[in-house]
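Below is one structure, written out as structure tokens; the observations come after it.
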Amino acid sequence: MTLRLFNTLSGEMDLLTPADGEMLRMYACGPTVYDFGHIGNFRTFLQVDVLRRFLKLTGTKVRHVMNITDVDDKIIRNATAAGMPIGDYSAGFEQAFFEDLEALRVERPEVMARATEHIPRMVALIQKLAESGAAYQAEDGSWYFRLAAFPEYGKLSKKDLSGMEDGARVDVDEYEKDSARDFALWKAAKPGETSWDTAIGRGRPGWHIECSAMAMEYLGESFDLHAGGEDLIFPHHENEIAQSESVTHKTFARHWMHVRFLLVDGRKMSKSEGNFYTLRDLLLKGYKASAIRLALISVPYRHQFNFTFDGLVEATAAIERLRTFVQRLKAGAFAAGENPALQEAATKAKTEYIAALANDLNTAEARAPIFDLVRAANTALDQGQLLAGDRDAILAVLASFDAVFDVLTDLDADATGRALEWAEKAGRLGEAAPELMARQGLTDETIDALVAERTTAKKQRNFARADQIRNELAEKGVVIEDSKDGVRWKRK
Ligand code: AMP
Ligand code: ZN
């Protein structure tokens, strides 16, 4: 099976094949662990998961490397504000990231690499760039990449750099399209900031060098595929290419995959717009992890994805239909034999499913034949025309569907349970949907009873018990309000 995948570098649909004919070597930019992952981040990680699972399903071995950015401008800013060392600050978010991947059933890459554990490798790369004149040190001790040293700069993003100002510099990790400048490879230490003492001075790495260093460490100087969200095309990936190819004079990654952004109700997701969701927000609202997974992968990666709550409801119903159908097949007793029409429907569904994914990972088109098959099989079941051989053939097709989509096994209660445990520790249980809280045993009736007990305790001047109840409820996100009309309570 050959996968045709759009390649940002060539601008064409190219065949994705391992250069060594055996194992596909791929690198995907990982999270910056300064906060909880949002659904846009997970859309990208999930689409890369679809890619790796499809490669494996069709017989290609995969070596997938993902970095964890655990030092950067945002982490330093937030850790300083929280009065914590950056390692302590980022560790909690890294842990949360792994928990979220598990909830969404994203397969772990073969290698996860933390930036802070690869500083010597980054320093060595900067030294090589300096030797060839592609890197220079500024007055403050920071090191910059000299864009003029790499004439191919812009080949990924297809930017026209003719108006570029030679020698102009930028030292923030993320910057806008119209400001192609010499960018920071290494930032000289500032008072109070985490830094490393190295042969190129005391300081910390820029964001871009980290991915070049770790990709080459684990995949070699030249590898098959590099992936990330579309925002990374410029400057991040353009800079990775410039740094790496200036040292190796080899093609850094042959194939580049970029996932288009997720919007919410047609608008950019942002905290200030109030339309910003982490995975945990959605789990606490009562949506199932499997439905979130299906919704985030069902629109092909090259299309913008418009997230809506209606979409989640649709995904929930679709999964329910599949799971009920599988139960029906597994529980039923079927006569031996095969129904030729169903055998043909199963073969056709499998062929169309694989063909859709092989065509630039078209997940929407891949879903359709599977649901058609389920419809046909349900009808046959109702009419007693489904035989044991059909059951086996259909279950086999569903297994290959699930090798990529992974929504049939119901592990949703585990994911939601873990989110509730987290919310309780984080004092955010008040955000949980009432039906989830009810599942936790904190029904309206329970709260009413506790509030009444507190009122009695107060009357009996047992203030210790009264306070204990108030605190207990507060921990679970319930606030008690005493007023002259009596006691009221509400969920935060
Ligand atoms: P970050 O943690 O910000 O470095 O992002 C991790 C990954 O999520 C990167 O591949 C980004 O390109 C991707 N990403 C960020 N925002 C979105 C979004 N709204 N939609 C899709 N992918 C995104
Ligand atoms: Zn990267």
Side-chain angles (χ1 to χ4, degrees), residues 8 26-51 64-75 77-78 90 93-94 96-98 100-101 104 106 109 111-115 118 122 125 156-157 172-174 183 185 205-219 223 225-244 252-253 256-271 273 275-279 292 295-297 299-307:
T8 312
M26 59 187 264
Y27 185 91
C29 292
T32 306
V33 280
Y34 71 104
D35 206 343
F36 294 105
H38 58 65
I39 53 175
N41 301 140
F42 289 115
R43 171 179 208 219
T44 291
F45 298 127
L46 277 162
Q47 295 286 352
V48 174
D49 188 53
V50 167
L51 168 71
H64 175 187
V65 178
M66 184 191 274
N67 63 299
I68 298 268
T69 300
D70 57 354
V71 53
D72 96 317
D73 295 348
K74 292 189 289 262
I75 294 175
R77 185 192 63 210
N78 289 9
S90 63
F93 292 113
E94 181 186 306
F97 174 68
F98 285 121
D100 290 352
L101 288 188
L104 289 171
V106 175
V111 178
M112 296 286 319
R114 289 195 192 100
H118 295 78
M122 298 176 208
L125 209 52
L156 181 71
S157 56
V172 289
D173 287 333
E174 287 163 90
F183 58 87
L185 296 162
W207 171 35
H208 316 296
I209 195 75
E210 134 193 355
C211 284
S212 289
M214 292 191 280
M216 291 199 276
E217 163 105 24
Y218 296 104
L219 297 171
F223 54 95
L225 175 98
H226 196 312
E230 63 173 336
D231 59 319
L232 301 187
I233 299 174
F234 182 88
H236 184 52
H237 289 164
E238 199 73 73
N239 292 354
E240 282 188 43
I241 292 175
Q243 297 160 156
S244 311
F252 178 51
W256 290 79
M257 171 191 183
H258 290 104
V259 180
R260 281 201 74 184
F261 256 35
L262 166 149
L263 302 179
V264 174
D265 292 323
R267 289 176 303 145
K268 185 174 175 327
M269 183 167 71
S270 84
K271 283 190 179 152
E273 292 269 343
N275 66 354
F276 180 95
Y277 302 108
T278 63
L279 172 67
I292 301 168
L296 291 178
I297 63 179
V299 171
Y301 80 95
R302 263 211 307 147
H303 292 250
Q304 211 158 46
F305 171 57
N306 188 26
F307 173 85

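Hydrogens, waters and symmetry mates play no part in the numbers below; they use all other heavy atoms, side chains included. Along the sequence shown, the residues carry numbers beginning at 1. All ligand and atom numbering here is 1-based and tracks the order in the structure.
Of all the listed residues (Gly37, Pro31, Gly40), Gly40 holds the heavy atom that lies closest to atom 18 (C) of ligand 1. Looking at Asn67, Val33, Thr32, it is Thr32 that brings a heavy atom closest to atom 4 (O) of ligand 1.
Rounded to 10°, the angle that NE2 of His236 and SG of Cys29 form at the Zn ion (ligand 2) is 120°.
Here the CD1 atom belonging to Ile292 is positioned 5.0 Å from the CG atom belonging to Leu279, to the nearest 0.5 angstrom. The CG atom of Leu51 sits 6.0 Å away from atom CG of Leu225, with the distance rounded to the nearest 0.5 Å. To the nearest 0.5 Å, the span separating CG on Leu104 from CD1 on Ile297 amounts to 10.0 Å. Here the NE2-OG1 distance, from His226 to Thr8, works out to 11.0 Å after rounding to the nearest 0.5 Å.
Glu273 contributes no side-chain N or O that, together with a main-chain N or O of Arg267, makes up a donor-acceptor pair within less than 3.5 Å.
Looking at Phe45 against ligand 1, only its side chain comes within 4.0 Å, counting heavy atoms. Contacts of Met269 with ligand 1, taken as heavy-atom pairs under 4.0 Å, are absent altogether.
Ligand 1 has at least one atom lying under 4.0 Å from a heavy atom of Asp231. Heavy-atom separations between His38 and ligand 1 include at least one value shorter than 4.0 Å.
The aromatic ring centres of His118 and Tyr218 sit less than 6.0 Å apart.
Ring geometry for His208 against His236 counts as tilted: the plane angle lies between 30° and 60°, on a 0 to 90° scale.
Residue contacts with ligand 1: Phe261 is placed with no nitrogen or oxygen under 3.5 Å of a nitrogen or oxygen of the ligand (distance criterion only). At a 3.5 angstrom cut-off on N or O pairs, Thr44 counts as close to ligand 1. In terms of polar-atom proximity, Trp207 is not counted as a contact of ligand 1, lacking any N or O under 3.5 Å from an N or O of the ligand. The shortest N/O to N/O separation between Leu232 and ligand 1 does not fall below 3.5 Å.
Using a 4.5 Å heavy-atom cutoff, the side chains of Pro109 and Val65 are not in contact.
For the salt bridge (Lys or Arg N to Asp or Glu O under 4.0 Å) condition, the pairs that include at least one residue of residues 27-41, sequence neighbours left out, are Asp35-Lys271.
Those atoms of ligand 1 with a heavy atom of Gly229 less than 4.0 angstrom away are 10 (O), 12 (O). In the vicinity of Leu262, heavy-atom distances shorter than 4.0 Å reach the ligand 1 atoms 18 (C), 19 (N), 20 (N), 21 (C).
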